[in-house]
Structures are given as structure tokens and as C-alpha cells.
Trainee: 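Sharing a structure with you now.
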Amino acid sequence: MQKKEKTLVFPGLSRLLTDIGVVSYERDGLPSNFYALRSLIIPFLRRNIKVRESDVLDMYPGIKFALDQGDIIDVREYVVSEGYFYGVLPLRISFDEGFYIEEYEDVYVAVSSGKTTPMEHWLTWGYKEGRVPSGSVDYLNAGDLL
């Protein structure tokens, strides 16, 4: 039996910084040198990240609203230059709740105590931290793309 290939996904910010060897202090979820890093990372994202506009608009009603109001002109550019840095997923990614709580004990504890759901945790923290959402997904190593 052949092993099924995993879907490779572009990493969230914390994982990206680790992959490219940037060490930074995080405060309020953002690196202390966020604005300097951002100006360096955006061109990299423009070249490498895949954004599926229909998924972004479906997953983030606020982005769709902003687009409809004319506050956002280009969804891909918004994700690359703003949304990515706040954890906006560039496309829908396969998520397996059972896998996620089995893989990450701290998530299991938080879910068991009613503090969060597996999906809520992954969307809020897990993606940015580079936690794998299912057995069929893995992250690209951004360092390999440099």
C-alpha cells in the first residue's frame, strides 16, 4: 500500500521566522521587531504564498465585508501585506479535531476544561505556532524557499 502524500502548507508567522533563522522576542503575539521584519517578509510572501481568494472570503466574513465596502481592493495583497501577520489563513486547510487534540496535550487539556475548541485553538494560535492540523498536512520549510 502506497503512503498518501501530505498537503504542504505555507507556515504561519512564528514557524516562518524559525524556518528562516530569525530569533525575536514576542510581545502581544507579534515579534518586537515586527515592522522591520514585515518589510523584509512581504516580498518573500508575494513570491511564495498561495492565496485562494474564495476560501479567504468564505472563512473571514470581515474581509468579505471590507472588500464589498471598498476598504480592501485586492484580497491576495491584503492577505500578504496585512492578514498573514495576524494569522489569516491564505486558503482552507484540512483539519482533524481528533488528531489535533491527540497530538497536542496542552490543547487536549484546554479543550477538556472548556476553554476552547480544537478548531478555535488552531485558528487562534496553532497555525501561527506551526502546529500541524491533521495527519494529511505538513508545512513547507520556508528556509528552503530562500
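Counting from 1, the numbers follow the sequence of the chain as shown.
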Trainee: Working to the nearest 0.5 angstrom, can you tell me the gap between Ile93 CD1 and Ser136 OG?
Mentor: 10.5 Å
Trainee: Which pair of non-hydrogen atoms, one from Tyr127 and one from Val88, has the smallest distance, and what is that distance?
Mentor: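 Of all heavy-atom pairs spanning Tyr127 and Val88, the closest is CE2-O, 4.3 Å.
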Trainee: For the residue pair Tyr100 and His121, confirm or rule out a side-chain donor-acceptor distance under 3.5 Å.
Mentor: yes
Trainee: Mind checking the CG-CG spacing from Leu123 to Leu89? Nearest 0.5 Å is all I need.
Mentor: 6.0 Å
Trainee: Can you list the residues that meet the side-chain contact (heavy atoms from CB on, under 4.5 Å) rule with Asp71, with sequence neighbours excluded?
Mentor: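 Per chain and number, Asp71 pairs via side-chain contact (heavy atoms from CB on, under 4.5 Å) with Ala66, Gln69.
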Trainee: Do you know the tightest heavy-atom contact between Ser94 and Val137?
Mentor: O-CG2, 3.8 Å
Trainee: Between Trp122 and Thr117, does the side-chain contact (heavy atoms from CB on, under 4.5 Å) criterion hold? Intermediate values first, please.
Mentor: CA-CA 9 Å; Trp122 188 72; Thr117 67; over 6 Å; no
Trainee: Taking only residues two or more places apart in sequence or in another chain, which ones pass side-chain contact (heavy atoms from CB on, under 4.5 Å) with Tyr78?
Mentor: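 Partners of Tyr78 under the side-chain contact (heavy atoms from CB on, under 4.5 Å) test: Ile63, Ile72, Glu82.
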Trainee: Any link between Tyr86 and Leu57 through a network of hydrophobic side chains (Ile, Leu, Val, Met, Phe, Trp, Tyr) touching at under 4.5 Å?
Mentor: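 Yes; tracing contacts between hydrophobic side chains, which count when under 4.5 Å, links both residues.
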Trainee: Phe65, Tyr60: one ILVMFWY side-chain cluster at the under-4.5 Å cut-off?
Mentor: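 They do not share one cluster, since no chain of ILVMFWY contacts under 4.5 Å joins Phe65 to Tyr60.
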Trainee: Taking all non-hydrogen atoms of both residues, which atom of Tyr84 and which atom of Leu45 are closest, and how far apart?
Mentor: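 For Tyr84 and Leu45, the tightest heavy-atom pair comes out as CD2-CD1, 3.5 Å.
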Trainee: Which atom pair, heavy atoms only, marks the closest approach of Tyr108 to Ile101?
Mentor: CB-O, 3.5 Å
Trainee: Taking all atoms of both residues into account, what is the closest heavy-atom pair of Pro90 and Lys50, and its distance?
Mentor: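 What the structure gives for the nearest pair is CB-O, 3.3 Å.
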Trainee: Which pairs count as salt bridge (Lys or Arg N to Asp or Glu O under 4.0 Å) when at least one residue sits in residues 59-68, sequence neighbours excluded?
Mentor: Lys64-Asp68
Trainee: Within the 4.5 Å heavy-atom criterion, are Asp74 and Glu53 side-chain neighbours or not?
Mentor: no
Trainee: Is there a continuous path of hydrophobic side-chain contacts, each under 4.5 Å between heavy atoms, that joins Ile73 to Val79?
Mentor: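 As far as the 4.5 Å side-chain criterion goes, Val79 and Ile73 are not connected within one cluster.
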Trainee: What residue pairs, at least two apart or across chains, pass salt bridge (Lys or Arg N to Asp or Glu O under 4.0 Å) with a residue in residues 85-94?
Mentor: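 Found Asp58-Arg92.
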Trainee: Suppose we screen for side-chain hydrogen bond (donor to acceptor under 3.5 Å, both in side chains). Which residues come up paired with Asp96, at least two apart in sequence or across chains?
Mentor: none
Trainee: Do the side chains of Phe44 and Val80 get nearer than 4.5 Å, heavy atoms only?
Mentor: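 Side-chain contact under 4.5 Å: no.
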Trainee: Do Val51 and Leu91 pass the side-chain contact (heavy atoms from CB on, under 4.5 Å) test, and can you show the C-alpha distance, the side-chain angles, and the key distance before you say yes or no?
Mentor: CA-CA 6 Å; Val51 176; Leu91 56 118; over 6 Å; no
Trainee: Quick one: do Val132 and Met119 end up in the same hydrophobic cluster if we chain Ile, Leu, Val, Met, Phe, Trp and Tyr together by side-chain heavy atoms under 4.5 Å apart?
Mentor: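 Per the 4.5 Å side-chain linkage, Val132 and Met119 are co-clustered.
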Trainee: For the side chain of Arg46 and the backbone of Glu77, is there at least one donor-acceptor N/O pair under 3.5 Å apart?
Mentor: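 No: the side chain of Arg46 does not pair with the backbone of Glu77.
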Trainee: With salt bridge (Lys or Arg N to Asp or Glu O under 4.0 Å) as the rule and sequence neighbours excluded, what pairs involving residues 98-120 come up?
Mentor: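 Listed once each, the pairs are Asp106-Arg131.
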Trainee: How many angstroms lie between CZ in Phe99 and OG in Ser134, if you round to the nearest 0.5 Å?
Mentor: 6.5 Å
